[in-house]
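These figures come from a predicted structure and were not determined experimentally. As the structure lists them, so they are numbered: ligands from 1, and atoms in each ligand from 1.
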Amino acid sequence: MEVPFYRHSVNKDDIARVVSTLEGMFLTTGGVTTEFECKFADLFEVNHCIGTTNCTSAAELALRIWDVGPGDEVIVPTMSYVATAQSVALRGAKPVFVDSDGQTGLIDLNQIEAAITENTKVIMPVHLYGVMVDMVALKVIADKHGLKILEDSAHAVVSSRDGIKPGQMSDAAVFSFYATKNITSGEGGALICNDDKFAEDFRRGTCCGVTKTAHSRRKEGEKAYVGYDSVQVAGKCNMTNIQASLLIGQIDRLPMDRAKRGELVALYRKLLADFGPVELPHAPDGIDSSHYVMVALLQDGTRDGIFRTFGEKGIGCAVNFDPIHLKTIFKQLSGYKEGDFPVAENWGRRCITLPLYNGLEEEQVRYVTDTIKAAYGK
Ligand SMILES: Cc1ncc(COP(=O)(O)O)c(C=O)c1O
(Lines give C-alpha, C1' and ligand atoms only; values in the text may rest on other atoms or scores of the structure.)
Protein backbone atom coordinates (compact mmCIF):
# COMPACT_ATOMS: atom_id res chain seq x y z
CA MET A 1 0.00 0.00 0.00
CA GLU A 2 1.13 3.57 -0.73
CA VAL A 3 0.09 6.42 1.57
CA PRO A 4 1.11 9.79 0.11
CA PHE A 5 1.77 12.54 2.63
CA TYR A 6 -0.77 14.89 1.08
CA ARG A 7 -3.35 15.16 -1.69
CA HIS A 8 -5.24 18.38 -2.44
CA SER A 9 -9.00 18.23 -2.95
CA VAL A 10 -9.37 20.52 -5.95
CA ASN A 11 -12.39 19.18 -7.88
CA LYS A 12 -13.92 19.51 -11.38
CA ASP A 13 -15.98 22.58 -10.38
CA ASP A 14 -12.85 24.38 -9.15
CA ILE A 15 -11.09 23.56 -12.41
CA ALA A 16 -14.11 24.79 -14.42
CA ARG A 17 -14.01 28.09 -12.51
CA VAL A 18 -10.30 28.50 -13.39
CA VAL A 19 -11.02 27.74 -17.05
CA SER A 20 -13.79 30.32 -17.08
CA THR A 21 -11.37 32.91 -15.63
CA LEU A 22 -8.77 32.01 -18.24
CA GLU A 23 -11.37 32.55 -20.96
CA GLY A 24 -12.18 36.01 -19.57
CA MET A 25 -10.16 39.19 -19.69
CA PHE A 26 -8.76 39.68 -16.17
CA LEU A 27 -6.16 37.12 -15.15
CA THR A 28 -4.73 39.45 -12.49
CA THR A 29 -6.62 40.96 -9.52
CA GLY A 30 -10.23 41.59 -10.47
CA GLY A 31 -13.83 40.61 -9.84
CA VAL A 32 -13.12 36.98 -8.93
CA THR A 33 -10.54 38.14 -6.37
CA THR A 34 -13.17 40.45 -4.87
CA GLU A 35 -15.64 37.53 -4.70
CA PHE A 36 -13.01 35.45 -2.85
CA GLU A 37 -12.21 38.35 -0.48
CA CYS A 38 -15.88 38.90 0.44
CA LYS A 39 -16.43 35.19 1.10
CA PHE A 40 -13.26 34.91 3.17
CA ALA A 41 -14.04 38.02 5.28
CA ASP A 42 -17.54 36.62 5.95
CA LEU A 43 -16.02 33.37 7.22
CA PHE A 44 -14.34 35.28 10.06
CA GLU A 45 -17.05 37.96 10.45
CA VAL A 46 -14.48 40.74 9.87
CA ASN A 47 -14.68 43.92 7.79
CA HIS A 48 -11.82 43.35 5.36
CA CYS A 49 -9.94 40.65 3.48
CA ILE A 50 -7.16 41.35 0.98
CA GLY A 51 -5.80 38.50 -1.14
CA THR A 52 -2.03 38.17 -1.55
CA THR A 53 0.46 35.97 -3.38
CA ASN A 54 1.38 34.17 -0.14
CA CYS A 55 1.32 34.44 3.65
CA THR A 56 4.97 35.50 4.10
CA SER A 57 4.49 38.62 1.94
CA ALA A 58 1.24 39.44 3.74
CA ALA A 59 2.95 39.30 7.16
CA GLU A 60 5.92 41.36 5.96
CA LEU A 61 3.62 43.97 4.43
CA ALA A 62 1.51 44.26 7.60
CA LEU A 63 4.70 44.87 9.62
CA ARG A 64 5.88 47.43 7.04
CA ILE A 65 2.63 49.39 7.28
CA TRP A 66 3.00 49.43 11.07
CA ASP A 67 6.50 50.88 10.50
CA VAL A 68 8.31 47.93 12.07
CA GLY A 69 11.97 48.16 11.06
CA PRO A 70 15.59 48.15 12.24
CA GLY A 71 15.87 48.38 16.04
CA ASP A 72 12.35 46.97 16.57
CA GLU A 73 11.52 43.53 17.98
CA VAL A 74 8.66 41.16 17.24
CA ILE A 75 7.81 38.24 19.53
CA VAL A 76 7.38 34.93 17.70
CA PRO A 77 7.28 31.26 18.72
CA THR A 78 10.38 29.29 17.75
CA MET A 79 8.10 26.30 17.02
CA SER A 80 6.80 27.40 13.61
CA TYR A 81 7.74 27.46 9.95
CA VAL A 82 10.68 29.80 9.23
CA ALA A 83 8.36 32.18 7.33
CA THR A 84 7.02 33.51 10.64
CA ALA A 85 10.46 34.83 11.63
CA GLN A 86 11.56 35.64 8.07
CA SER A 87 8.69 38.14 7.68
CA VAL A 88 10.22 40.01 10.66
CA ALA A 89 13.83 39.68 9.47
CA LEU A 90 12.79 41.01 6.04
CA ARG A 91 11.87 44.27 7.79
CA GLY A 92 15.34 44.46 9.34
CA ALA A 93 13.67 43.93 12.73
CA LYS A 94 14.60 41.23 15.26
CA PRO A 95 12.43 38.15 15.77
CA VAL A 96 12.55 37.43 19.52
CA PHE A 97 11.77 33.76 20.03
CA VAL A 98 9.70 32.26 22.83
CA ASP A 99 9.65 28.59 23.88
CA SER A 100 6.68 26.23 23.54
CA ASP A 101 4.14 24.91 25.97
CA GLY A 102 5.12 21.25 26.43
CA GLN A 103 1.55 19.94 26.11
CA THR A 104 0.39 21.71 22.94
CA GLY A 105 3.55 22.96 21.22
CA LEU A 106 1.96 26.45 21.09
CA ILE A 107 3.88 29.56 22.18
CA ASP A 108 4.15 29.49 25.99
CA LEU A 109 2.03 32.46 27.10
CA ASN A 110 3.75 32.42 30.50
CA GLN A 111 7.09 33.27 28.89
CA ILE A 112 5.99 36.14 26.65
CA GLU A 113 6.26 38.99 29.17
CA ALA A 114 9.88 38.13 29.97
CA ALA A 115 10.69 38.53 26.26
CA ILE A 116 9.13 42.01 25.96
CA THR A 117 11.56 44.96 25.90
CA GLU A 118 11.20 48.67 25.14
CA ASN A 119 11.86 47.78 21.49
CA THR A 120 8.99 45.28 21.16
CA LYS A 121 6.31 46.41 18.71
CA VAL A 122 4.27 43.35 17.82
CA ILE A 123 3.43 39.86 19.10
CA MET A 124 2.97 37.28 16.34
CA PRO A 125 1.30 34.13 17.72
CA VAL A 126 1.05 31.01 15.50
CA HIS A 127 -2.06 28.83 15.66
CA LEU A 128 0.07 25.72 15.40
CA TYR A 129 -1.48 22.78 13.49
CA GLY A 130 -4.86 24.57 13.61
CA VAL A 131 -5.03 24.79 17.42
CA MET A 132 -5.57 28.43 18.31
CA VAL A 133 -3.55 30.29 20.91
CA ASP A 134 -5.69 31.61 23.79
CA MET A 135 -6.34 35.03 22.22
CA VAL A 136 -8.16 36.42 25.28
CA ALA A 137 -5.09 35.82 27.47
CA LEU A 138 -2.71 37.07 24.76
CA LYS A 139 -4.70 40.28 24.26
CA VAL A 140 -4.39 41.06 27.98
CA ILE A 141 -0.59 40.88 27.66
CA ALA A 142 -0.53 42.90 24.41
CA ASP A 143 -2.80 45.65 25.81
CA LYS A 144 -0.78 45.88 29.03
CA HIS A 145 2.36 46.64 27.00
CA GLY A 146 0.71 48.61 24.15
CA LEU A 147 1.65 46.02 21.50
CA LYS A 148 -0.06 45.04 18.27
CA ILE A 149 -1.00 41.43 17.53
CA LEU A 150 -0.53 39.88 14.09
CA GLU A 151 -1.92 36.32 14.04
CA ASP A 152 -0.02 33.86 11.86
CA SER A 153 -3.12 31.87 10.93
CA ALA A 154 -1.49 29.86 8.13
CA HIS A 155 -2.83 26.68 9.81
CA ALA A 156 -6.12 28.07 11.09
CA VAL A 157 -8.36 28.66 8.11
CA VAL A 158 -11.28 27.04 9.90
CA SER A 159 -10.33 27.14 13.60
CA SER A 160 -11.79 28.74 16.69
CA ARG A 161 -11.16 28.78 20.45
CA ASP A 162 -14.04 29.41 22.85
CA GLY A 163 -15.97 30.67 19.82
CA ILE A 164 -13.26 33.22 18.88
CA LYS A 165 -11.86 33.02 15.36
CA PRO A 166 -8.65 34.49 13.86
CA GLY A 167 -8.93 38.22 13.16
CA GLN A 168 -11.48 38.87 15.90
CA MET A 169 -9.15 39.77 18.80
CA SER A 170 -6.08 41.06 16.99
CA ASP A 171 -5.00 43.88 14.71
CA ALA A 172 -4.80 41.50 11.74
CA ALA A 173 -4.44 37.83 10.82
CA VAL A 174 -2.60 36.34 7.84
CA PHE A 175 -3.31 33.06 6.02
CA SER A 176 -1.52 30.74 3.61
CA PHE A 177 -2.94 28.83 0.66
CA TYR A 178 0.33 27.00 0.02
CA ALA A 179 0.16 23.58 -1.69
CA THR A 180 -0.45 21.48 1.45
CA LYS A 181 -2.83 23.81 3.31
CA ASN A 182 -6.51 23.00 4.04
CA ILE A 183 -7.43 25.11 1.00
CA THR A 184 -4.88 25.82 -1.66
CA SER A 185 -4.10 27.71 -4.84
CA GLY A 186 -0.59 26.24 -5.04
CA GLU A 187 0.72 29.49 -3.57
CA GLY A 188 -1.57 32.15 -2.13
CA GLY A 189 -2.35 34.15 0.97
CA ALA A 190 -4.66 36.69 2.56
CA LEU A 191 -4.86 39.23 5.36
CA ILE A 192 -8.03 39.96 7.35
CA CYS A 193 -8.65 42.91 9.66
CA ASN A 194 -11.32 45.32 10.91
CA ASP A 195 -9.49 48.66 10.62
CA ASP A 196 -10.51 50.60 7.48
CA LYS A 197 -7.37 52.76 7.18
CA PHE A 198 -4.99 49.82 7.70
CA ALA A 199 -6.94 47.77 5.13
CA GLU A 200 -6.68 50.59 2.59
CA ASP A 201 -2.92 51.01 3.13
CA PHE A 202 -2.42 47.23 3.01
CA ARG A 203 -4.40 46.87 -0.22
CA ARG A 204 -2.38 49.64 -1.88
CA GLY A 205 0.76 48.02 -0.49
CA THR A 206 0.03 44.79 -2.38
CA CYS A 207 0.24 46.69 -5.68
CA CYS A 208 3.15 49.19 -5.85
CA GLY A 209 1.25 51.76 -3.77
CA VAL A 210 -0.99 52.72 -6.70
CA THR A 211 -4.22 54.59 -6.07
CA LYS A 212 -6.14 52.70 -8.76
CA THR A 213 -5.60 49.10 -9.85
CA ALA A 214 -5.88 48.03 -13.48
CA HIS A 215 -9.30 46.54 -12.73
CA SER A 216 -10.74 49.66 -11.08
CA ARG A 217 -9.34 51.89 -13.84
CA ARG A 218 -10.89 49.68 -16.48
CA LYS A 219 -14.29 49.79 -14.75
CA GLU A 220 -14.26 53.57 -14.18
CA GLY A 221 -12.92 54.63 -17.52
CA GLU A 222 -14.57 51.95 -19.62
CA LYS A 223 -12.70 52.51 -22.88
CA ALA A 224 -10.99 55.82 -22.05
CA TYR A 225 -7.59 55.81 -20.34
CA VAL A 226 -7.62 56.62 -16.60
CA GLY A 227 -4.39 57.56 -14.81
CA TYR A 228 -3.18 56.73 -11.31
CA ASP A 229 -0.80 57.97 -8.64
CA SER A 230 1.55 56.02 -6.33
CA VAL A 231 1.51 57.20 -2.72
CA GLN A 232 3.57 54.75 -0.64
CA VAL A 233 6.71 52.64 -0.97
CA ALA A 234 5.45 49.20 -1.93
CA GLY A 235 6.32 46.02 -3.78
CA LYS A 236 3.81 43.69 -5.36
CA CYS A 237 2.02 40.73 -3.83
CA ASN A 238 -1.57 40.96 -5.09
CA MET A 239 -3.69 37.83 -5.49
CA THR A 240 -4.72 37.00 -9.06
CA ASN A 241 -8.14 36.03 -10.38
CA ILE A 242 -6.64 32.65 -11.27
CA GLN A 243 -5.69 31.93 -7.64
CA ALA A 244 -9.06 33.21 -6.40
CA SER A 245 -10.93 30.97 -8.87
CA LEU A 246 -9.34 27.90 -7.30
CA LEU A 247 -10.15 28.97 -3.75
CA ILE A 248 -13.83 30.00 -3.91
CA GLY A 249 -15.30 26.48 -4.11
CA GLN A 250 -12.85 25.16 -1.51
CA ILE A 251 -14.11 27.76 1.00
CA ASP A 252 -17.65 26.38 0.58
CA ARG A 253 -16.40 22.85 1.28
CA LEU A 254 -14.37 23.80 4.39
CA PRO A 255 -16.93 22.57 6.99
CA MET A 256 -17.20 19.19 5.23
CA ASP A 257 -13.44 18.99 4.83
CA ARG A 258 -12.85 19.71 8.51
CA ALA A 259 -15.42 17.10 9.57
CA LYS A 260 -13.66 14.42 7.49
CA ARG A 261 -10.24 15.41 8.83
CA GLY A 262 -11.67 15.33 12.36
CA GLU A 263 -12.87 11.74 11.87
CA LEU A 264 -9.43 10.68 10.64
CA VAL A 265 -7.69 12.45 13.54
CA ALA A 266 -10.05 10.70 16.00
CA LEU A 267 -9.14 7.35 14.42
CA TYR A 268 -5.40 8.08 14.64
CA ARG A 269 -5.85 9.11 18.28
CA LYS A 270 -7.82 5.93 19.09
CA LEU A 271 -5.29 3.65 17.40
CA LEU A 272 -2.28 5.34 19.05
CA ALA A 273 -3.87 5.88 22.48
CA ASP A 274 -1.81 4.46 25.35
CA PHE A 275 0.96 3.36 22.98
CA GLY A 276 4.08 4.14 25.02
CA PRO A 277 6.60 5.24 22.35
CA VAL A 278 4.15 7.72 20.77
CA GLU A 279 2.74 10.78 22.50
CA LEU A 280 0.04 12.97 20.94
CA PRO A 281 -0.22 16.74 21.43
CA HIS A 282 -2.84 17.78 23.96
CA ALA A 283 -5.99 19.38 22.51
CA PRO A 284 -7.14 22.06 25.03
CA ASP A 285 -10.86 22.51 25.88
CA GLY A 286 -12.81 24.93 23.72
CA ILE A 287 -10.71 24.24 20.61
CA ASP A 288 -12.29 23.70 17.22
CA SER A 289 -9.23 22.79 15.16
CA SER A 290 -8.87 23.01 11.40
CA HIS A 291 -6.98 19.69 11.74
CA TYR A 292 -4.36 21.06 9.39
CA VAL A 293 -1.90 18.27 10.21
CA MET A 294 -1.66 15.14 12.37
CA VAL A 295 1.47 15.45 14.48
CA ALA A 296 2.80 12.71 16.79
CA LEU A 297 5.78 12.88 19.16
CA LEU A 298 8.03 9.83 18.97
CA GLN A 299 10.26 8.45 21.70
CA ASP A 300 13.44 10.56 21.66
CA GLY A 301 16.15 9.10 19.42
CA THR A 302 13.85 6.81 17.38
CA ARG A 303 12.60 9.16 14.64
CA ASP A 304 15.29 8.42 12.03
CA GLY A 305 14.37 4.72 12.23
CA ILE A 306 10.69 5.56 11.64
CA PHE A 307 11.64 7.77 8.66
CA ARG A 308 13.49 4.77 7.16
CA THR A 309 10.59 2.39 7.82
CA PHE A 310 8.08 4.83 6.30
CA GLY A 311 10.33 5.11 3.22
CA GLU A 312 10.38 1.31 2.84
CA LYS A 313 6.62 1.00 3.40
CA GLY A 314 5.57 3.79 1.01
CA ILE A 315 4.29 6.19 3.68
CA GLY A 316 4.89 9.93 3.26
CA CYS A 317 5.61 12.13 6.27
CA ALA A 318 7.00 15.54 7.23
CA VAL A 319 8.42 17.45 10.20
CA ASN A 320 6.43 20.39 11.61
CA PHE A 321 8.81 21.85 12.69
CA ASP A 322 12.50 22.19 13.52
CA PRO A 323 12.64 25.17 15.91
CA ILE A 324 13.44 28.33 13.96
CA HIS A 325 16.12 29.64 16.35
CA LEU A 326 18.40 26.76 15.29
CA LYS A 327 18.25 27.58 11.57
CA THR A 328 21.59 28.95 10.37
CA ILE A 329 20.37 32.43 9.50
CA PHE A 330 18.82 33.08 12.92
CA LYS A 331 21.87 31.73 14.73
CA GLN A 332 23.95 34.12 12.60
CA LEU A 333 21.66 37.15 12.95
CA SER A 334 20.92 36.93 16.66
CA GLY A 335 23.32 34.41 18.19
CA TYR A 336 20.66 31.90 19.20
CA LYS A 337 22.06 28.46 20.07
CA GLU A 338 21.08 24.95 21.06
CA GLY A 339 19.69 24.82 24.59
CA ASP A 340 18.01 28.27 24.41
CA PHE A 341 14.48 26.84 24.10
CA PRO A 342 14.55 23.29 25.48
CA VAL A 343 10.84 22.47 25.19
CA ALA A 344 10.65 23.40 21.49
CA GLU A 345 13.96 21.64 20.84
CA ASN A 346 12.64 18.43 22.40
CA TRP A 347 9.42 18.77 20.35
CA GLY A 348 11.42 19.45 17.18
CA ARG A 349 13.57 16.31 17.66
CA ARG A 350 10.58 14.04 18.26
CA CYS A 351 7.76 15.31 16.04
CA ILE A 352 6.57 13.57 12.90
CA THR A 353 3.65 14.62 10.72
CA LEU A 354 1.51 11.71 9.51
CA PRO A 355 -0.60 11.73 6.33
CA LEU A 356 -3.90 13.63 6.74
CA TYR A 357 -6.27 14.87 4.02
CA ASN A 358 -9.82 14.56 2.85
CA GLY A 359 -9.23 11.64 0.50
CA LEU A 360 -7.30 9.54 3.06
CA GLU A 361 -8.95 6.13 3.69
CA GLU A 362 -9.42 4.57 7.14
CA GLU A 363 -7.46 1.51 6.03
CA GLN A 364 -4.54 3.79 5.15
CA VAL A 365 -4.63 5.28 8.66
CA ARG A 366 -4.58 1.73 10.11
CA TYR A 367 -1.64 0.85 7.82
CA VAL A 368 0.29 3.89 9.12
CA THR A 369 -0.36 3.13 12.80
CA ASP A 370 0.30 -0.62 12.32
CA THR A 371 3.61 0.28 10.64
CA ILE A 372 4.60 2.50 13.57
CA LYS A 373 3.70 -0.18 16.12
CA ALA A 374 5.57 -2.89 14.17
CA ALA A 375 8.65 -0.63 14.00
CA TYR A 376 8.69 -0.55 17.81
CA GLY A 377 8.23 -4.35 17.87
CA LYS A 378 4.58 -4.24 19.06
C1 LIG B 1 2.99 28.72 10.32
C2 LIG B 1 3.27 29.20 8.93
N3 LIG B 1 3.44 30.52 8.73
C4 LIG B 1 3.69 31.02 7.50
C5 LIG B 1 3.78 30.20 6.41
C6 LIG B 1 4.13 30.81 5.09
O7 LIG B 1 3.12 30.66 4.15
P8 LIG B 1 3.40 30.96 2.61
O9 LIG B 1 4.12 29.78 2.07
O10 LIG B 1 2.01 31.11 2.04
O11 LIG B 1 4.17 32.22 2.52
C12 LIG B 1 3.61 28.82 6.55
C13 LIG B 1 3.70 27.98 5.34
O14 LIG B 1 3.75 26.85 5.24
C15 LIG B 1 3.35 28.30 7.85
O16 LIG B 1 3.21 26.98 8.06
Q: Look at atom 1 (C) of ligand 1 and say which protein heavy atom is nearest, naming residue and atom and giving the distance to 0.1 Å.
A: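 Nearest neighbour among protein heavy atoms for atom 1 (C) of ligand 1, to 0.1 Å: His155 NE2, 3.3 Å.
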
Q: Using a 4.0 Å cutoff against the non-hydrogen atoms of Ser80, which atoms of ligand 1 qualify?
A: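 In order of numbering, the contacting atoms are 1 (C).
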
Q: Measure Ala154 to ligand 1 on non-hydrogen atoms and call it side chain, backbone, both or neither using the 4.0 Å cut-off.
A: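 Within the 4.0 Å criterion, Ala154 contacts ligand 1 through side-chain atoms alone.
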
Q: For ligand 1, which atoms have a heavy atom of Ala83 less than 4.0 angstrom away?
A: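 Answer for ligand 1: 4 (C), 5 (C), 6 (C).
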
Q: Assess whether side-chain contact (heavy atoms from CB on, under 4.5 Å) is satisfied between Leu109 and Val133, documenting all intermediate values.
A: CA-CA 9 Å; Leu109 293 183; Val133 166; 4.0 Å; yes

Q: Using a 4.0 Å heavy-atom cut-off, say whether Asp152 meets ligand 1 through its side chain, its backbone, both or neither.
A: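 Within the 4.0 Å criterion, Asp152 contacts ligand 1 through side-chain atoms alone.
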
Q: Do Leu191 and Phe198 have side chains that get closer than 4.5 Å, going by heavy atoms?
A: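 Contact flag for Leu191/Phe198 side chains = yes.
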
Q: Starting from atom 10 (O) of ligand 1, which protein heavy atom do you reach first, and at what distance in Å?
A: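 Closest protein heavy atom to atom 10 (O) of ligand 1: Ser176 OG, 2.7 Å.
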
Q: Where is the nearest protein heavy atom to atom 11 (O) of ligand 1: which residue, which atom, and how far?
A: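 Protein heavy atom with the smallest distance to atom 11 (O) of ligand 1: Thr56 OG1, 2.5 Å.
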
Q: Using the six-membered ring wherever Trp is involved, compare the ring planes of His155 and Phe321 and label them parallel, tilted or perpendicular (cut-offs 30° and 60°).
A: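 His155 and Phe321: parallel rings.
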
Q: Which of the atoms in ligand 1, numbered in the order shown and given with their element, are less than 4.0 Å from a heavy-atom of Gly188?
A: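 Per the distance check, 10 (O).
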
Q: Could you tell me if the ring centre of Phe36 sits under 6.0 Å from that of Phe177?
A: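 Judged by ring-centre distance (under 6.0 Å), Phe36 and Phe177 do meet the cut-off.
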
Q: Atoms of ligand 1 less than 4.0 Å from Tyr81 heavy atoms?
A: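 Matching atoms, with element in brackets: 2 (C), 5 (C), 12 (C), 13 (C), 14 (O), 15 (C), 16 (O).
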
Q: Check this for me, if you would: do Arg349 and Glu345 make a salt bridge, where the nitrogen-to-carboxylate-oxygen distance has to be below 4.0 angstrom?
A: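 Salt bridge: no.
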
Q: Starting from atom 14 (O) of ligand 1, locate the nearest protein heavy atom and write down its residue, its atom name and how far away it is, to 0.1 Å.
A: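 Nearest protein contact, heavy atoms only, for atom 14 (O) of ligand 1 is Lys181 NZ, 2.6 Å.
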
Q: Cluster question for you: counting only ILVMFWY and a side-chain heavy-atom cut-off of under 4.5 Å, with indirect links fine, are Phe97 and Val68 together?
A: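 Phe97 clusters together with Val68.
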
Q: Decide, yes or no, whether a salt bridge links Arg204 with Asp201 under the criterion of side-chain N to carboxylate O below 4.0 Å.
A: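 Yes, Arg204 and Asp201 are salt-bridged.
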
Q: Indicate yes or no: does Asp340 engage Lys337 in a salt bridge with an N to O separation below 4.0 Å.
A: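 Salt bridge: yes.
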
Q: Under 4.0 Å from a heavy atom of Cys55: which atoms of ligand 1 are those, numbered in the order shown and with their elements?
A: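 Numbered from 1, ligand 1 contributes 4 (C), 6 (C), 7 (O), 8 (P), 10 (O), 11 (O).
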
Q: Taking the basic N atoms (NZ, or NE/NH1/NH2) and the acidic carboxylate oxygens, is any pair closer than 4.0 Å for Asp252 and Lys39?
A: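 The answer is yes: the pair qualifies as a salt bridge.
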
Q: Does any N/O atom on Phe177 come nearer than 3.5 Å to any N/O atom on ligand 1?
A: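 No.
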
Q: Show which atoms of ligand 1 fall inside a sub-4.0 Å distance from at least one heavy-atom site of Thr84.
A: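 Matching atoms, with element in brackets: 3 (N).
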
